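Within every chain, numbering begins at 1; the chains are lettered A, B, ... in the order of the sequence lines, protein sequences first and strands thereafter. Just so we're clear, the structure is a prediction, and the values are computed from it rather than from any experiment.
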There are 2 protein chains.
Amino acid sequence: MTTNPSDSRAYFFKIDTTMKKIRQSLQKKLDDAQLDITVDQWVLLDHIYRSQKNGISQNELAEMTVKDAPTVTRIIDLLVKKGLAERAMAENDRRRFNISLTADGEKKFHDAFPIVAEVRRKGWGDLSENDYQTFVRILDSIYNNITG
Amino acid sequence: MTTNPSDSRAYFFKIDTTMKKIRQSLQKKLDDAQLDITVDQWVLLDHIYRSQKNGISQNELAEMTVKDAPTVTRIIDLLVKKGLAERAMAENDRRRFNISLTADGEKKFHDAFPIVAEVRRKGWGDLSENDYQTFVRILDSIYNNITG
DNA sequence: CAGTTGTATTTGTTAAAACAACTGTTAGTG
DNA sequence: CACTAACAGTTGTTTTAACAAATACAACTG
């Protein structure tokens, strides 16, 4: 990072390019393992898995992942087509679906998780716990400054 | 961020969602100002502007922005269609184009820049210079760990 | 209880991402 | 010089992003 005034605070590019590299690396490893899912499908799979006790709506998934509703609809279409997730009508609100994983979906989660964890570890390298807390604090702060 | 072991180091989501919010916010402000460009078009516009002395190839733009060559081809198609950029045959290599901005492209850059800068400032808020250096160090480190 | 407002999801469209396959040009090797 | 490999860019296809508009249902208001 230079001290060129027009570059200072040009952190957008860095976040963006770093995230792109992470996505590319993760996608490649998922492909290599022949898991037949994309990174975005993994992200939804992960969120569904973690909230499976109650079942989760598409809108909730959209908000958590910062995707919009149509995007979530289409990714879930793909997950359903692949037999990894299913839509159950919510009994108290017929507009809503409760999304859950099928047995195959849970298996997929468990197959993919170690790969994701490995990329995380590799990316983090030997950065410290202190770094982690600072990093999270800054990201949260940017997030809140932008949305707030 | 919880201390749940399965969540620790789940920094991918945070980078991803923060970047999405930044993009959404910036896109909205570009739209509000009726600048008629997307965030990705802005990113290319910015990189072309900053390397305009020598003229830059599509491949170089692809590498800098971590987009692949077809994506760059198509975004430049759009910039050219909008009259913001132009392709000049490189005189010493007929495979290559030197991409540069038109007068309208430079005007667009100057019109959009304050908006981008404002979103940057808003996102950064009152985080410190020290934070900035740490943030950049960590992002660079992750980038290198992933690609290296 | 009719009418409005709000919510959950889907469909249509344009832009962008990434891979594969292709054209055309350059460089290197025998 | 012919042959091959490497390089720059384009085209085709599937997935994701995001807006707008539509459908269907729920909740509120008078």
Requested in this report: Compare the minimum distances between each of D:dT15, C:dT10, C:dA17 and the side chain of A:T73, then state the nucleotide with the smallest one.
Outcome: C:dT10
Report summary line: The answer to which of A:Q41 and A:N92 contacts DNA chain D further toward the 5' end, by nearest nucleotide, is A:Q41
Report task. Using a 4.0 Å heavy-atom cut-off across all strands, classify A:T71 as base, sugar-phosphate, or nothing. Result -> base
Query raised in the report: Just checking A:Q27: base, sugar-phosphate only, or nothing, at a heavy-atom cut-off of under 4.0 Å?
Result: nothing
Query - Any side-chain donor near an acceptor of the partner, B:D68 and B:T71, under 3.5 Å - result: yes
Report summary line: Here the distance between atom P of D:dA26 and atom CD of A:E91, to the nearest Å, is 12 Å
Query raised in the report: Any side-chain donor paired with an acceptor under 3.5 Å for B:D131 and B:S128?
Result: yes
**Report entry** Minimum-distance nucleotide (side-chain atoms of A:P70 versus C:dT25, C:dT10, C:dA15)
**Finding:** C:dT10
**Report entry** Atom pair distance, as rounded to whole Å: NZ in B:K29 and P in D:dA18
**Finding:** 16 Å
Requested in this report: May I ask you to say what A:D93 touches in the nucleic acid, namely base, sugar-phosphate or nothing, with a heavy-atom cut-off under 4.0 Å?
Outcome: sugar-phosphate
Requested in this report: From the options D:dG12, C:dA16, C:dT9, select the nucleotide whose nearest atom is closest to the side chain of B:R74.
Outcome: D:dG12
Query raised in the report: So what does A:D68 touch, heavy atoms closer than 4.0 Å: a base, only the sugar-phosphate, or nothing?
Result: base
Requested in this report: With the side chain of A:I75 defined as its heavy atoms from C-beta on, choose the nearest nucleotide among C:dT9, D:dA17, C:dA16.
Outcome: D:dA17
Report summary line: Rounded to whole Å, the CZ-P distance (B:R87 to D:dA8) equals 15 Å
Query raised in the report: Is A:R23 touching bases, backbone alone, or none of the nucleic acid, heavy atoms closer than 4.0 Å?
Result: nothing
**Report entry** Distance-only side-chain donor-acceptor flag, B:E63 / B:N59, under 3.5 Å
**Finding:** no
Report summary line: Taking every heavy atom of A:I37 against every heavy atom of A:A112, the minimum-distance pair comes out as CD1-CB, 4.3 Å
Query raised in the report: Any donor-acceptor pair under 3.5 Å joining the side chain of A:R95 to the base of C:dT7?
Result: yes
Query raised in the report: Would you say the side-chain atoms of A:T73 and A:Q58 include a donor-acceptor pair closer than 3.5 Å?
Result: yes
Query raised in the report: Does A:K67 or B:Q58 map to a spot on DNA chain D nearer the 5' end, using the closest nucleotide for each?
Result: B:Q58
